[in-house]
Amino acid sequence: MSEVKKYPAPVTNPETAAFWDAAKQGKFMIKRCSACGEAHYFPRSICPFCYSDKTVWEEASGEGTIYTWSLMRKSPTGPYAIGYVTLKEGPSVQTNFVDCDLEKLKIGQKVKVVFKPTDGAPLPFFTVA
């Protein structure tokens with residue numbers, strides 16, 4: 001019998017509270033700049049492209065493609081995969097891949113967000129779509 005993986009609760013602050021509140025409802029949020037129109041992740045109040053403070057929350061589709069990934073085979077907790085996913089909305093997200101055959105991950109593969117429970121807000125990860 002395999003043990004259920006326990007994930008640490010995220011540390012929240014007033015700037016990211018809306019992100020974590022939405023995660024509790026199964027929604028993956030990004031920010032979009034009203035000044036330049038660019039979407040960005042990790043959500044922050046200042047646009048990383050034009051430095052405007054005119055940013056708004058937007059629910060992302062949670063769908064994307066693997067840009068790159070790496071499989072860590074030697075770990076005290078067992079193999080795991082990390083990488084970058086390019087969201088349909090444009091931003092790239094650094095993430096872990098879960099609930100899939102890690103040996104079969106491929107660059108360009110379609111993935112979707114999944115939330116894993118913690119003692120606080122759930123954490124977003126990605127799995128094969």
Side-chain angles (χ1 to χ4, degrees):
M1 181 163 102
S2 65
E3 187 176 315
V4 175
K5 184 161 176 75
K6 185 168 172 75
Y7 297 98
V11 176
T12 62
N13 61 51
E15 186 176 22
T16 62
F19 177 85
W20 298 114
D21 288 344
K24 290 176 185 173
Q25 299 172 22
K27 297 178 182 178
F28 187 69
M29 304 298 284
I30 59 175
K31 280 272 194 135
R32 186 170 299 275
C33 179
S34 300
C36 71
E38 293 285 341
H40 60 271
Y41 183 89
F42 190 80
R44 48 197 170 273
S45 53
I46 302 295
C47 174
F49 299 101
C50 73
Y51 307 109
S52 170
D53 64 351
K54 308 268 188 284
T55 61
V56 294
W57 289 102
E58 175 180 302
E59 183 176 357
S61 65
E63 299 172 350
T65 56
I66 297 175
Y67 175 75
T68 190
W69 65 279
S70 185
L71 177 57
M72 310 303 163
R73 289 182 176 87
K74 295 184 179 183
S75 164
T77 58
Y80 66 96
I82 60 171
Y84 281 92
V85 167
T86 303
L87 298 174
K88 272 188 171 179
E89 295 78 10
S92 291
V93 177
Q94 184 178 20
T95 189
N96 286 62
F97 297 102
V98 296
D99 302 339
C100 59
D101 185 344
L102 302 178
E103 298 283 344
K104 292 185 178 178
L105 293 173
K106 295 181 177 154
I107 291 173
Q109 190 170 21
K110 302 287 185 203
V111 291
K112 63 183 179 180
V113 72
V114 292
F115 291 94
K116 295 293 182 177
T118 71
D119 290 335
L123 291 174
F125 296 101
F126 282 80
T127 191
V128 174

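Heads up: numbering here begins at 1 and tracks the sequence. These numbers were taken from a predicted model, which means no experiment stands behind them.
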Exercise. So do Phe97 and Val85 actually touch side chain to side chain, heavy atoms under 4.5 Å?
Worked result: yes
Exercise. Which residue pairs pass the side-chain hydrogen bond (donor to acceptor under 3.5 Å, both in side chains) test with at least one member in residues 112-128, sequence neighbours excluded?
Worked result: Lys6-Asp119, Asp99-Lys116
Seminar exercise, completed: Sorted by chain and number, sequence neighbours left out, salt bridge (Lys or Arg N to Asp or Glu O under 4.0 Å) with Lys88 holds for Glu63
Problem set entry | Close side-chain approach of Phe49 to Cys33, heavy-atom, < 4.5 Å | no
Exercise. What is the distance from atom OG1 of Thr65 to atom NZ of Lys106, rounded to the nearest 0.5 Å?
Worked result: 14.5 Å
Seminar exercise, completed: Heavy-atom closest pair (Cys100 atom, Val128 atom, distance to 0.1 Å) is CB-CG2, 3.8 Å
Exercise. Do Leu105 and Leu71 come close enough that some side-chain heavy atom pair is under 4.5 Å?
Worked result: no
Problem set entry | ring pair (Phe, Tyr, Trp, His ring centres under 6.0 Å) between Phe125 and Phe115, intermediate numbers included | CA-CA 6 Å; Phe125 296 101; Phe115 291 94; 9.1 Å; no
For this session: Can you see which heavy atom on Leu87 is nearest to which on Phe126, and at what distance?
Result: CD2-CZ, 3.8 Å
Seminar exercise, completed: Sorted by chain and number, sequence neighbours left out, ring-ring contact (aromatic ring centres under 6.0 Å, His included) with Tyr84 holds for none
Problem set entry | Stepwise side chain to side chain contact (heavy atoms under 4.5 Å, CB included) check, Trp69 with Val111 | CA-CA 12 Å; Trp69 65 279; Val111 291; over 6 Å; no
Exercise. How many angstroms lie between OG in Ser61 and CZ in Phe28, if you round to the nearest 0.5 Å?
Worked result: 9.0 Å
Exercise. Are any non-hydrogen side-chain atoms of His40 and Thr55 less than 4.5 angstrom apart?
Worked result: yes
Exercise. Would a hydrophobic clustering, with Ile, Leu, Val, Met, Phe, Trp and Tyr connected at side-chain separations under 4.5 Å, put Tyr80 with Ile107?
Worked result: no
Problem set entry | Closest approach of Ile46 to Asp53 (non-hydrogen atoms, all atoms of both residues) | CD1-CB, 3.8 Å
For this session: State, to 0.1 Å, how close Pro10 and Ala121 come at their nearest heavy-atom pair, and which atoms those are.
Result: CD-O, 3.3 Å
For this session: Would you please indicate if the ring centroids of Phe42 and Phe19 are separated by under 6.0 Å?
Result: yes
For this session: Check the pair Asn96 / Tyr7 against side chain to side chain contact (heavy atoms under 4.5 Å, CB included), numbers first and verdict last.
Result: CA-CA 12 Å; Asn96 286 62; Tyr7 297 98; over 6 Å; no
For this session: Output every pair passing salt bridge (Lys or Arg N to Asp or Glu O under 4.0 Å) with a member in residues 26-37, not counting sequence neighbours, ordered by first then second residue.
Result: Arg32-Glu58
For this session: Could you tell me the separation between the CD atom of Glu38 and the OG atom of Ser34, rounded to the nearest 0.5 Å?
Result: 12.5 Å
Seminar exercise, completed: Smallest heavy-atom separation, Cys36 atom then Cys47 atom, equals SG-SG, 3.7 Å
Exercise. So which pairs with a foot in residues 42-52 pass side-chain hydrogen bond (donor to acceptor under 3.5 Å, both in side chains), sequence neighbours left out?
Worked result: Glu15-Ser45
Exercise. Partners of Tyr67 by ring-ring contact (aromatic ring centres under 6.0 Å, His included), sequence neighbours excluded?
Worked result: none
Exercise. After noting the C-alpha distance and the side-chain angles of Glu89 and Ile30, does the key distance pass the side chain to side chain contact (heavy atoms under 4.5 Å, CB included) rule?
Worked result: CA-CA 9 Å; Glu89 295 78 10; Ile30 59 175; 3.7 Å; yes
Problem set entry | Euclidean distance, Thr68 OG1 relative to Ile82 CD1, rounded to 0.5 Å | 9.5 Å
For this session: State the OH-OG1 distance between Tyr41 and Thr95, to the nearest 0.5 angstrom.
Result: 7.5 Å
